[in-house]
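Comments concern the structure below.
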Amino acid sequence: MSGQEAIAYTPIGYMRSPYTESRQTPLQPIYAEAITGRVELKPEFAEGLRSIEGWSHIYLIYDLHRVATRRLLATPFLQDRPHGIFATRAPWRPNPIGLSIVRLLEVEGNLLRVAGVDLLDGTPILDIKPYSARFDCILDTRNGWQDEVDEETAQRRGRRLEQGEGGELQ
């Protein structure tokens, strides 16, 4: 394999949220706990939602469809110094794929009402997976450079209550 193969995905649905511009969104779902939205699955995928109502949280895997540039270094919103893109959650990735854990509130046909929304309206959803505390909850972790950031700063910056250099948080 040469490493140059193209991979194509087709959206299974779209996010409907109150955000139309990226500068409006909270920087992570944890800072958007009260923000609700809905995932509108294409009708042909509705059967794939069977039994999902038993889960409290789900992963949304999506295309960061408005990201135009790619970078290998990024200055994350919690710090003022650059890190490698793979050591951050910044959107300017070689493959602009996003991942958010949201709270599942309601299922109605092919619609999922969710809370903790940090996605733009119209974001293409590529996949949905249930969050499982049995498999996904890891308690004893290292968090790299994030361990240097106090919680008050994280909360303030994550909710976009302060702006970084250049008037924009990254």
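Quick note: numbers below take in every heavy atom, side chains included, and nothing from hydrogens, waters or symmetry partners.
- For Ser100 (side chain) and Val102 (main-chain N/O), no donor-acceptor pair under 3.5 Å exists by modelled atom type.
- Taken to the nearest 0.5 Å, the NE2 atom of His83 stands 10.0 Å off from the CG atom of Leu73.
- Of all the heavy atoms in Val67 and Pro91, the pair that sits closest is CG1-O, 3.5 Å.
- Of the possible donor and acceptor atoms, none in the side chain of Thr88 sits under 3.5 Å from a partner among the backbone N and O of Pro76.
- Enclosure of atom CZ in Phe45 by more than 12 non-hydrogen atoms of other residues, nucleotides or ligands within 6.0 angstrom is indicated.
- When side chains are defined from C-beta on, Ile128 counts as touching Leu60, because their heavy atoms get closer than 4.5 Å.
- One finds no salt bridge joining Glu44 and Lys42 here, because no Lys/Arg side-chain nitrogen approaches an Asp/Glu carboxylate oxygen to under 4.0 Å.
- Separation of atoms CZ (Arg38) and CD (Glu106) is listed at 11.5 Å; rounding is to 0.5 Å.
- Annotation: Glu47, atom CD; neighbour count of heavy atoms from other residues, nucleotides and ligands within 6.0 Å does not exceed 12.
- Residues Met15 and Leu119 share a closest heavy-atom pair of CG-CB, 3.9 Å.
- Tracing side-chain contacts under 4.5 Å through hydrophobic residues (I, L, V, M, F, W, Y), one never reaches Leu112 starting from Ile101; they form parts of separate clusters.
- Rounded to the nearest 0.5 Å, atoms CZ (Arg66) and CD (Glu21) are 7.5 Å apart.
- By the 30° and 60° cut-offs, the orientation of the rings of Tyr131 relative to Tyr59 is tilted.
- Atom CG of Leu72 has 12 or fewer heavy atoms from other residues, nucleotides or ligands within 6.0 Å.
- In this structure, Asn110 and Ala46 approach most closely via the heavy-atom pair CB-CB, 3.8 Å.
- In terms of hydrophobic clustering, with Ile, Leu, Val, Met, Phe, Trp and Tyr side chains grouped at heavy-atom distances under 4.5 Å, Val39 and Trp55 are assigned to a common cluster.
- For the residue pair Pro18 and Thr36, the shortest heavy atom distance occurs at CD-O, 3.7 Å.
- Arg70 contributes a side-chain N or O that, together with a main-chain N or O of Arg93, makes up a donor-acceptor pair within less than 3.5 Å.
- Here Ile125 contributes atom CD1 and Glu40 contributes atom CD; the two are 10.5 Å apart, rounded to the nearest 0.5 Å.
- In plain terms, the two heavy atoms of Tyr9 and Ile7 that are nearest each other are CE1-CG2, 3.5 Å.
- Asp121 places no side-chain N or O within 3.5 Å of a backbone atom of Thr20 that could act as its donor or acceptor partner.
- Note that CG of Leu104 is 9.0 Å distant from NE2 of His57, once rounded to the nearest 0.5 Å.
- Between the OH atom of Tyr62 and the CG atom of Leu99 there is a distance of 7.0 Å, given to the nearest 0.5 Å.
- A 4.5 Å side-chain heavy-atom check between Leu120 and Thr25 finds at least one atom pair inside the cut-off.
- In the hydrophobic clustering of this structure, Leu49 does not group with Ile61; members are Ile, Leu, Val, Met, Phe, Trp, Tyr whose side-chain heavy atoms approach within less than 4.5 Å, directly or through other members.
- Listed for the Asp63 side chain is no donor-acceptor partner under 3.5 Å among the backbone atoms of Ile97.
- Taking all atoms of both residues into account, the shortest heavy-atom contact from Asp118 to Tyr19 is CA-CE1, 4.5 Å.
- Tracing side-chain contacts under 4.5 Å through hydrophobic residues (I, L, V, M, F, W, Y), one reaches Ile12 starting from Ile52; they form part of the same cluster.
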